Protein chains: 2
Amino acid sequence: MSNKRVFSDRCDCEVIHEEVVNKVREKMPKEETLYDLAELFKVFGDSTRIRILWALDESEMCVCDIASLLNMTQSAISHQLRVLKQAKLVKNRREGKVIYYSLDDDHVRLICDQGMAHIKEG
Amino acid sequence: MSNKRVFSDRCDCEVIHEEVVNKVREKMPKEETLYDLAELFKVFGDSTRIRILWALDESEMCVCDIASLLNMTQSAISHQLRVLKQAKLVKNRREGKVIYYSLDDDHVRLICDQGMAHIKEG
DNA sequence: AACACATATGAATTATTGTTCATATGTTCT
DNA sequence: AGAACATATGAACAATAATTCATATGTGTT
């Protein structure tokens, strides 16, 4: 076990286990990748969006229906659907005036299920 | 297919597919559960915390090591570790002055992996 | 007991983000 | 073309949260 101590730039304390830190550093994904991952989870990290995702897992729905279901304004829902779409979590199709939203892929359900499993253990 | 239209409280538009909405409403988990789920994902939704989780997946580490690895202050890391611990995503053990943090359960990895899978498809 | 060190924490500041309000876009129907 | 409706969007406001700074706590060492 190494106990060398090295000052780093912005850390006000010292590295205690340099070897471990170096080993872990090598295995870390690119900064950018982890940033993107955090951005993805940020999308799941809002109760309005989670409720939308959960609802769409049951059935495709139009914006008004979702707004009514969640008792929120059409505008608020529309803004959130945009966020979900940018994250490629939902897709939509148009049928006349009405736009139907649905889940875009299976990861959504898997991620939610894992999250639920964690909560239920509490 | 039902096309009844009903005004709802706070929605500025009308329910278009009442049956669908009612069916979905029945299947929705309790409001509180989905709130908790969102709170969980919120914890994953920060790049500092995601990097900490990823690092701890490689090896248990002390606070200084993590601070050094991520080039951040000890204080910032400590604050985030508290958030992670409250969410039961990490645990710690003391060895003298040093406190080692590690992942608390397997969901962390599974959730991260699903998230990564989603990103990589993009 | 005094000191050094690893970590934790409270308050302040800055940054980010969700919702609202007003309005714009795009579609259907007459 | 104009009216009605479903949805989208930009700006403003309010709420939340991440980091910093100063300092406190807890442990080991001399």
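In what follows, every chain begins at residue 1, and chains take the letters A, B, ... in the order their sequences are listed. These figures come from a predicted structure and were not determined experimentally.
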Check: Which of these nucleotides, D:dT7, C:dT28, D:dA22, is closest to any side-chain atom of A:Cys64?
Finding: D:dT7
Checklist line | Between C1' of C:dT7 and CD1 of B:Ile52, the distance in whole Å | finding: 14 Å
Notebook entry, point to check: Within the stacking criterion (centroid distance below 5.5 Å, interplanar angle below 30°), does B:His79 stack on D:dT19?
Noted result: no
Note to self: Once you apply a heavy-atom cut-off of 4.0 Å, does A:Tyr101 come out as touching a base, just sugar-phosphate, or nothing?
What the structure shows: sugar-phosphate
Checklist line | Protein-nucleotide distance (B:Glu39, atom CD; D:dT16, atom P), rounded to Å | finding: 10 Å
Next item on the list: Starting from C1' on C:dA6, measure out to CE on B:Met72 and report it in whole angstrom.
Entry: 18 Å
Check: Atom OH of A:Tyr35 and atom C1' of D:dA18: how far apart are they, to the nearest Å?
Finding: 13 Å
Check: So does A:Asp57 pair up with A:Arg109, basic N to acidic O under 4.0 Å?
Finding: yes
Next item on the list: Using modelled atom types only, decide if a donor and an acceptor are shared between the side chain of A:Arg51 and the backbone of A:Ile66 within a distance under 3.5 Å.
Entry: no
Item checked: Atom-pair distance (CD1 on A:Ile77; P on C:dT19), nearest Å -> 8 Å
Next item on the list: Figure out the CD1/P separation between A:Ile99 and C:dT27, and round it to whole Å.
Entry: 9 Å
Checklist line | Length of the CG-C1' vector between A:Leu81 and D:dA8, whole Å | finding: 10 Å
Item checked: Rounded distance in Å - CZ (B:Arg49) to P (D:dT19) -> 8 Å
Check: Which pair of non-hydrogen atoms, one from B:Glu95 and one from B:Arg93, has the smallest distance, and what is that distance?
Finding: OE1-NH1, 2.6 Å
